[in-house]
Amino acid sequence: MASKTFNILSALSAVVLTSSIVFALPDASTVTDVRYTVHNLSNNTLIANGLAGEGRNYAASSLGQANQVCVFCHTPHNASPSIPLWNKVYTPGVESTYRLYTSSATLTPTAKAAKITADSESMLCLSCHDGKTAINVLHNSSYRDSSSGTDAVVDIDGTFSGTGPFALGDQWSGGFSSHNYPNLGAIRSADGSIPSSAASHNGTNLTDDHPIGFSYTAAQAQDASGLKLTPDAGIRLFGPTKRVECSSCHNPHVYYGSGLAGSGRVYYDTDITTPLVATAAQKARTPFLTMSNTGSALCKGCHIK
Ligand code: HEC
Ligand code: HEC
Ligand code: HEC
Ligand code: HEC
């Protein structure tokens with residue numbers, strides 16, 4: 001794994017070194033440009049390119065020095081866990097609190113025994129998307145947030161703002177019902193809204209989300225007529241047992257030309273105030289998908305249906 005770590009390190013160093021250069025718009029031929037996504041939590045607003053306001057609900061306070069994009073997820077040094085140079089604070093034991101989609105009678109024994117472990121890829125996503133873990137507390141940070149005065153806590157100053165540790169679940173407010181809440185475990189009412197602050201923070205309930213945390217190879221062997229021997233190109237499986245994780249379907253760096261406005265998603269090229277244009281191929285990767293799901297291509301990339 002040493003060479004993989006080295007590659008990530010060089011990629012990160014390159015970005016750090018070039019961070020003061022004026023950004024070019026995302027290239028139509030590429031889909032990975034995390035800067036122009038809601039996963040850019042830095043205070044670099046890219047205002048000239050339309051990434052202010054409707055682009056991101058959460059951005060670091062302009063008072064602080066959190067102008068690096070990658071630092072909210074990765075650090076080039078003293079990472080924890082070391083792969084992929086992760087920069088969030090890990091709470092020991094948190095992985096065993098997640099309840100997964102395992103009670104379906106038709107699942108294979110392998111998928112029924114699914115588990116998230118401390119080193120599973122899905123932990124990386126849940127370290128923000130469980131609605132509980134703070135999105136703005138970093139393990140290692142080389143800048144100081146001028147308003148909180150704390151090195152590793154970055155004040156958030158977007159549509160939803162807060163000082164001190166701040167979780168996606170904290171965004172709940174009674175009247176705000178139509179927003180695309182990204183805290184996966186939240187308990188929703190029939191209309192998709194989240195009825196209470198407690199429901200918003202209920203990050204451990206993944207029983208209504210696609211199963212993760214088990215070996216694809218082992219499940220496929222138990223259901224060879226339902227699952228492809230090898231998933232389609234683009235779909236990713238993890239570790240020696242080829243586990244299904246969030247990142248089988250998602251890639252957190254993908255540029256798909258949109259941000260999140262109050263009532264849902266807005267594409268920059270349909271928003272007259274901004275000049276950002278995304279190609280059809282880029283848009284098809286909404287939201288952060290590893291491949292297009294047009295015609296359920298992503299689902300059919302594994303399932304024989
Ligand atoms: C929102 C969180 C997030 C941000 C921001 C982010 N990454 Fe990542 N990155 C991840 C996760 C999670 C993985 C683990 C593999 C995966 O899910 O793609 C990863 C993996 C990687 C990898 C190794 C595997 C791969 O996909 O190539 C590299 C290199 C990388 N990131 C570079 C960067 C750089 C450079 C930036 C800033 C320009 C950045 N990342 C910003 C979450 C993030
Ligand atoms: C550093 C915190 C952080 C990490 C780590 C992170 N995310 Fe996010 N994610 C966010 C924020 C913030 C948003 C935007 C929420 C909003 O504006 O309402 C978001 C939004 C999303 C969305 C919705 C985008 C849309 O257009 O609807 C998806 C999907 C998503 N993230 C998937 C992932 C996956 C999968 C991973 C792991 C590979 C991951 N995220 C890791 C913070 C994070
Ligand atoms: C089997 C594929 C698959 C897996 C595994 C998966 N997702 Fe998704 N996810 C999707 C697709 C497809 C969408 C888009 C759904 C839509 O637009 O209706 C989505 C939507 C989302 C959203 C947008 C808001 C929402 O709730 O719909 C978030 C956030 C998200 N996923 C995060 C995650 C995280 C975190 C994990 C792991 C715990 C995960 N996903 C696992 C396929 C997957
Ligand atoms: C990475 C490959 C992969 C992708 C992509 C994928 N799935 Fe799955 N899915 C699986 C596996 C493996 C299982 C567990 C099957 C089993 O144990 O019988 C599963 C289980 C399921 C189940 C539960 C079946 C049951 O018996 O309860 C449903 C429903 C499902 N997937 C739908 C989808 C949909 C919809 C999509 C597209 C958004 C999708 N899957 C994408 C691999 C995948």
Side-chain angles (χ1 to χ4, degrees), residues 37-41 54-59 71-74 84 86-88 98 100-114 116 120-130 133-138 154 156 158-160 166-168 171 179-186 188 192 203 206 208-220 222-223 226-228 231-232 234-238 242-254 256-262 264-267 286-293 296-303 305:
T37 73
V38 290
H39 277 165
N40 177 355
L41 304 188
E54 73 273 47
R56 295 175 296 162
N57 287 319
Y58 302 88
V71 78
F72 286 87
C73 294
H74 303 283
W86 202 239
N87 197 21
K88 296 295 304 285
Y98 297 110
L100 302 179
Y101 179 104
T102 49
S103 56
S104 162
T106 46
L107 285 180
T108 60
T110 296
K112 277 197 176 124
I116 296 190
S120 86
E121 296 281 330
S122 298
M123 277 300 298
L124 305 178
C125 311
L126 291 166
S127 75
C128 282
H129 283 279
D130 67 358
T133 312
I135 62 172
N136 60 335
V137 177
L138 307 182
V154 178
I156 295 294
T159 309
F160 302 102
F166 189 79
L168 287 175
Q171 70 185 14
H179 184 68
N180 179 13
Y181 288 90
N183 40 331
L184 274 194
R188 295 167 195 249
L206 305 176
D208 56 358
D209 297 294
H210 191 282
I212 50 169
F214 61 95
S215 160
Y216 183 88
T217 309
Q220 197 278 337
Q222 289 159 0
D223 183 13
L227 294 164
K228 291 185 175 176
D232 287 0
I235 293 172
R236 302 182 293 173
L237 300 170
F238 295 91
K242 302 204 177 298
R243 292 186 317 270
V244 178
E245 303 287 355
C246 309
S247 291
S248 297
C249 300
H250 291 287
N251 179 336
H253 313 100
V254 143
Y256 48 89
S258 95
L260 294 169
R265 195 175 287 117
V266 55
Y267 284 94
T286 306
F288 294 112
L289 298 180
T290 48
M291 62 175 278
S292 163
N293 197 26
S296 295
L298 171 64
C299 315
K300 289 166 72 68
C302 290
H303 291 276
K305 276 281 177 288

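Any value given below was found using the heavy atoms of this structure, including those in side chains, with hydrogens, waters and symmetry copies removed. Order of appearance sets the numbers: ligands from 1, and atoms from 1 within every ligand.
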Numbered in order shown, the ligand 3 atoms found under 4.0 Å of a heavy atom of Ile212 are 5 (C), 38 (C)
Rounded to the nearest 0.5 angstrom, the NZ-CG distance for Lys300 and Asp232 is 10.0 Å
Under 4.0 Å between heavy atoms, the region of Thr286 that gets near ligand 3 turns out to be neither
Quick note on ligand 3: atoms under 4.0 Å from a heavy atom of Cys125 include exactly 35 (C)
query: Are side-chain heavy atoms of Cys299 and Lys305 found at a separation under 4.5 Å?
result: no
*Parallel, tilted or perpendicular for His39 and Phe288, by the 30°/60° rule?*
parallel
For Trp86, the ligand 2 atoms with a heavy-atom partner under 4.0 Å come out as 5 (C)
Can Ser248 and Tyr216 be counted as having a side-chain donor-acceptor contact under 3.5 angstrom?
no
Contact region, Thr106 to ligand 4, non-hydrogen atoms below 4.0 Å, reads both
For Pro252, the ligand 2 atoms with a heavy-atom partner under 4.0 Å come out as 38 (C)
One finds that the ligand 2 atoms under 4.0 Å from a non-hydrogen atom of Ser247 are 38 (C)
Could you say whether the N/O atoms of Lys88 and ligand 2 ever approach to under 3.5 Å? no
Given side chains that start at C-beta, do those of Phe72 and Asn87 come closer than 4.5 Å, heavy atoms only?
no
Measuring only between side-chain heavy atoms, which start at C-beta, is Thr290 closer than 4.5 Å to Leu298? yes
- Are a donor atom and an acceptor atom from the side chains of Ser104 and Thr106 found within less than 3.5 Å of each other? yes
re atom 17 (O) of ligand 4, the protein heavy-atom contact at minimum distance is Thr108 OG1, 2.6 Å
* Report yes if the side chains of Leu124 and Cys73 come closer than 4.5 Å at any heavy-atom pair, otherwise no. => no
Checking heavy atoms under 4.0 Å, the part of Leu227 that sits near ligand 4 is side chain
So for His210 against ligand 4, with non-hydrogen atoms under 4.0 Å, the contacting part is side chain
*pair Leu206-Leu184: side-chain heavy atoms closer than 4.5 Å*: yes
Residue, atom and distance of the protein heavy atom nearest atom 24 (C) of ligand 4 read Leu107 CD2, 3.9 Å
If you compare Gly213, Cys302, Cys249 by their heavy atoms, the one closest to atom 1 (C) of ligand 3 turns out to be Cys249
d(Tyr101 OH, Leu107 CG) to nearest 0.5 Å is 5.5 Å
Worksheet item: Is the closest heavy-atom distance from Pro211 to ligand 4 below 4.0 Å?
Response: yes
Here the atoms of ligand 4 under 4.0 Å from any heavy atom belonging to Ile235 are 1 (C), 5 (C)
Filtering Met123, His129, His74 for the heavy atom nearest atom 20 (C) of ligand 2 leaves His129
| request: Start with the C-alpha gap between Ser122 and Tyr98, add the side-chain angles, then the distance that decides, and say whether side chain to side chain donor-acceptor pair (under 3.5 Å) holds. | output: CA-CA 11 Å; Ser122 298; Tyr98 297 110; over 6 Å; no
among protein heavy atoms, the one nearest atom 5 (C) of ligand 4 is Leu298 O, 3.3 Å
Note: Cys73, heavy atoms under 4.0 Å from ligand 2, region reported as side chain
Side chains of Ile116 and Ile212: closer than 4.5 Å at any heavy-atom pair? yes
heavy-atom search around atom 19 (C) of ligand 4 in the protein gives His303 CE1, 3.4 Å
The closest protein heavy-atom partner of atom 13 (C) of ligand 4 is Phe214 CZ, 3.8 Å
For Phe72, the atoms of ligand 2 under 4.0 Å from one of its heavy atoms are 1 (C)
The atoms of ligand 2 lying under 4.0 Å from a heavy atom of Val38, numbered in the order shown, are 14 (C), 20 (C)
When every non-hydrogen atom of Phe238 is compared with those of Ser247, the smallest separation belongs to CZ-CB, 3.4 Å
Assign the ring pair His303 / His210 to parallel, tilted or perpendicular, where the plane angle (0 to 90°) is split at 30° and 60°.
-> perpendicular
Q) Out of curiosity, is Leu41 lining ligand 2, as in a heavy atom under 4.0 Å away? A) yes
- Is there a side-chain contact between Lys88 and Val137, using heavy atoms and a 4.5 Å cut-off? no
Atom 23 (C) of ligand 4 has as its nearest protein heavy atom Tyr101 OH, 3.6 Å
When distances are taken from atom 27 (O) of ligand 4, the protein heavy atom at minimum range is Ser104 OG, 2.5 Å
Discussion item. Any non-hydrogen side-chain atom of Phe214 less than 4.5 Å from a side-chain atom of Leu100?
Written reply: no
At under 4.0 Å between heavy atoms, what of Pro287 touches ligand 3? The answer is side chain
So for Asn251 against ligand 2, with non-hydrogen atoms under 4.0 Å, the contacting part is neither
If you scan protein heavy atoms around atom 37 (C) of ligand 4, the nearest is Cys299 SG, 1.9 Å
**N or O contact, Glu245 vs ligand 3, cut-off under 3.5 Å** = no
For Ala111, the atoms of ligand 4 under 4.0 Å from one of its heavy atoms are 14 (C), 17 (O)
Inset, instruction - Please determine, by modelled atom types, if Gln222 and Thr110 share a side-chain donor-acceptor pair under 3.5 angstrom. - result: yes
Look only at interatomic distance and state if His39 has a nitrogen or oxygen under 3.5 Å from any nitrogen or oxygen of ligand 2. yes
